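First the structure, in the form of structure tokens, and then the observations on it.
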Amino acid sequence: MQIRLLSVVASLLLIVTGCGTPAHLPNVATDVLTPPSQAVTESQGMEIQATSTTATMHPNQTQTAYARAIATAKFAEQTLVAQHPQYCELISSPRVFSPDQQWMVELCYSEEDQDLLLTLAGRESKDLWKLFYRDYILPADYLPDGGLSVVHWSNDGRYAYFRSYISGDGGECFRQFGTDGLGLFRLDLQNGATSTILPLKEEYGWYGFTFSPTGRRLVYGAYSRDFRIMDIKTGQTTTIQAKSNFNQGDGFLWSADGLNFFYSTVSYNSEGRYLYSLRLVDSQSGEEEILLESADHCYKAKEWINDSVLIIESEASKEPIGRTLIEYDLTAKRIISESTATLFP
């Protein structure tokens with residue numbers, strides 16, 4: 001799990017402004033802090049309740065508190081980093097930590113090894129496992145622009161699953177970062193042994209994949225189609241019984257128990273006509289149903305509320321470009337409400 005400094009800053013800012021008093025400073029947080037410019041604007045006129053009087057926060061006080069919170073958060077991260085072995089001198093991407101903070105992940109280029117590598121450093125064990133990029137891509141005379149990244153930690157803390165990938169951008173509204181790769185591999189954190197889960201394909205073919213929240217199941221498909229569900233414990237696979245063909249799928253959203261998930265698809269023909277859909281799948285049987293289809297709107301499942309209401313983001317694929325938030329009743333199989341979000345510039 002990656003430490004997000006701005007999230008820690010948000011907690012610290014609550015302390016120094018008196019708007020809240022957390023029992024302790026969290027080591028790992030996932031909330032996103034309002035940008036500084038917004039934080040100052042929203043804090044103007046903010047009142048802090050004292051014993052018997054009410055004081056008004058001045059914008060400069062908020063800025064000072066924010067700066068102090070930033071410094072404290074940086075110190076907290078530096079303290080955590082210092083507790084792990086380090087190999088990289090200059091990392092290429094933000095550090096990532098395991099959910100229990102026992103492992104630190106860094107990506108860097110090593111002049112000594114002449115290779116890009118991913119390191120996993122143990123906080124208590126002091127083990128330092130090095131994974132070289134060249135070992136997890138097709139043989140080549142050059143290093144293609146890409147890298148390695150951890151995409152899943154086993155619940156028992158023994159394994160780290162990592163992917164190799166080539167950099168790219170763009171895609172449909174439902175595309176998610178870190179849910180595709182050239183291959184998928186597993187590192188045993190106890191002894192440093194690696195094994196292949198999804199093998200490399202010829203000509204830099206790739207997979208789309210996602211792990212269930214429980215870690216029991218893996219959904220994967222070459223070129224993000226023809227998806228299968230793998231039981232991690234038994235290795236058995238189940239083919240998703242797609243209601244219709246599509247060219248690419250992604251945007252996975254799982255139920256907390258890992259028994260169902262949503263995903264989005266797009267299909268297109270030689271005439272440039274598109275058809276988008278949002279689908280619900282039973283992860284045990286592979287059966288699916290199509291909830292929504294449109295030639296003009298790309299769908300992405302955002303949040304599953306109380307197992308009965310789904311929040312969906314719909315993005316127009318034609319002018320005027322904009323987004324709509326949809327509430328969908330999963331029991332009645334119908335749209336409850338729609339609200340237009342901020343339009344793109």
Side-chain angles (χ1 to χ4, degrees), residues 1-2 4 6-7 10 29-35 38 151-152 168-180 208-213 219-221 223-225 227 240 242-268 272-283 288-345:
M1 176 183 296
Q2 178 178 349
R4 301 186 182 181
L6 292 184
S7 306
T30 56
D31 296 334
V32 178
L33 179 66
T34 304
Q38 294 182 22
V151 295
H152 178 71
D169 51 45
E172 303 296 340
C173 78
F174 51 75
R175 182 177 178 184
Q176 296 173 304
F177 174 77
T179 58
D180 58 61
F209 50 77
T210 175
F211 284 89
S212 66
V219 174
Y220 69 96
Y223 303 99
S224 283
R225 54 178 184 260
F227 287 108
I240 294 180
K243 289 293 185 180
S244 61
N245 295 328
F246 56 87
N247 294 91
Q248 187 173 335
D250 203 338
F252 299 95
L253 177 66
W254 286 86
S255 61
D257 58 14
L259 298 180
N260 298 276
F261 63 88
F262 298 97
Y263 75 110
S264 303
T265 67
V266 60
S267 59
Y268 44 85
R273 295 178 180 176
Y274 285 68
L275 181 64
Y276 299 93
S277 71
L278 180 67
R279 310 180 184 215
L280 171 62
V281 179
D282 183 318
S283 66
E288 79 167 26
E289 58 179 310
I290 297 177
L291 301 182
L292 295 172
E293 278 189 319
S294 173
D296 303 320
H297 292 82
C298 173
Y299 298 112
K300 181 178 181 179
K302 299 289 290 184
E303 184 179 1
W304 199 332
I305 303 176
N306 299 326
D307 293 333
S308 59
V309 176
L310 177 66
I311 304 299
I312 304 166
E313 186 175 84
S314 171
E315 182 177 308
S317 59
K318 300 178 181 179
E319 297 291 344
I321 302 297
R323 291 177 179 172
T324 301
L325 292 180
I326 299 172
E327 282 189 88
Y328 188 92
D329 189 320
L330 294 170
T331 302
K333 297 294 192 298
R334 65 182 181 86
I335 294 176
I336 302 174
S337 66
E338 298 183 54
S339 59
T340 302
T342 303
L343 297 179
F344 294 121

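No experiment lies behind these values; they were computed from the predicted model shown.
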### Query
Taking side chain as C-beta onward, heavy atoms only, is Ile305 less than 4.5 Å from Ile311?
yes
### Task
Take Lys302 and Leu253, measure what side chain to side chain contact (heavy atoms under 4.5 Å, CB included) needs, and give me the verdict at the end.
CA-CA 7 Å; Lys302 299 289 290 184; Leu253 177 66; 5.9 Å; no
### Interatomic spacing from CD1 in Ile335 to OG1 in Thr324 - rounded to 0.5 Å
10.0 Å
### Summary
Taking every heavy atom of Ser264 against every heavy atom of Ala301, the minimum-distance pair comes out as OG-N, 4.4 Å
### Task
Report yes if some heavy atom in the side chain of Val281 is under 4.5 Å from a heavy atom in the side chain of Trp254; otherwise report no.
no
### Message
Closer than 3.5 angstrom, by distance alone: can the side chain of Glu338 be matched with the main-chain N or O of Leu325 as a donor-acceptor pair?
### Response
no
### Query
Do you know which of His297, Glu172, Lys300, Glu315 makes side-chain hydrogen bond (donor to acceptor under 3.5 Å, both in side chains) with Tyr276?
Glu172
### Query
Looking only at heavy atoms, which two atoms of Val151 and Gly178 are closest? And how far apart?
CG1-O, 3.7 Å
### Leu275 versus Ala295, closest heavy-atom pair with distance
CD1-N, 4.1 Å
### Query
Which heavy-atom pair separates Arg175 from Asp250 by the least distance, and what is that distance?
CA-OD2, 3.8 Å
### Query
CG/Asp180 to OH/Tyr223 distance, rounded to the nearest 0.5 angstrom?
13.0 Å
### Spatial distance of atom CG (Asp329) from atom CD1 (Ile336) [nearest 0.5 Å]
4.5 Å
### Query
Taking the six-membered ring for Trp, are Phe252 and Phe227 parallel (under 30°), tilted (30 to 60°) or perpendicular (over 60°)?
perpendicular
### Which atom of Ser308 lies closest to which atom of Trp304, heavy atoms considered
N-NE1, 3.9 Å
### No-hydrogen, no-angle side-chain donor-acceptor test under 3.5 Å, Thr210 and Thr179
no
### Query
Hey, are Tyr263 and Glu288 close enough side-chain-wise for a donor-acceptor pair under 3.5 Å?
yes
### Task
Decide side chain to side chain contact (heavy atoms under 4.5 Å, CB included) for Ile290 and Ser244; before the verdict, give the C-alpha distance in whole Å, the side-chain angles of both, and the deciding distance to 0.1 Å.
CA-CA 9 Å; Ile290 297 177; Ser244 61; 3.7 Å; yes
### Contacts of type ring pair (Phe, Tyr, Trp, His ring centres under 6.0 Å), residue His152, not counting sequence neighbours
Tyr161, Phe211
### Query
What distance separates Arg334 CZ from Glu327 CD, expressed to the nearest 0.5 Å?
11.0 Å
### Working for side chain to side chain contact (heavy atoms under 4.5 Å, CB included), residues Leu291 and Lys333
CA-CA 7 Å; Leu291 301 182; Lys333 297 294 192 298; 4.1 Å; yes
### Message
Would the distance check show the side chain of Ser255 and the main-chain N or O of Asn260 forming a donor-acceptor pair, the cut-off being under 3.5 Å?
### Response
yes
### Task
Could you walk me through whether Tyr328 and Val309 pass side chain to side chain contact (heavy atoms under 4.5 Å, CB included), step by step?
CA-CA 6 Å; Tyr328 188 92; Val309 176; over 6 Å; no
### Query
If you measure from CG on Leu259 to CG on Asp257, what distance do you get to the nearest 0.5 Å?
3.5 Å
### Query
With distance as the sole test, does Ser267 use its side chain to make a donor-acceptor pair with the main-chain N or O of Phe246 at under 3.5 Å?
no
### Message
Measuring only between side-chain heavy atoms, which start at C-beta, is Phe209 closer than 4.5 Å to Ser224?
### Response
no
### Query
Which heavy atom of Tyr299 sits nearest a heavy atom of Ser314, and at what distance?
CE2-OG, 3.9 Å
## Note on the structure
One should read off an interatomic distance between Ser294 OG and Leu278 CG, to the nearest 0.5 angstrom, of 11.5 Å
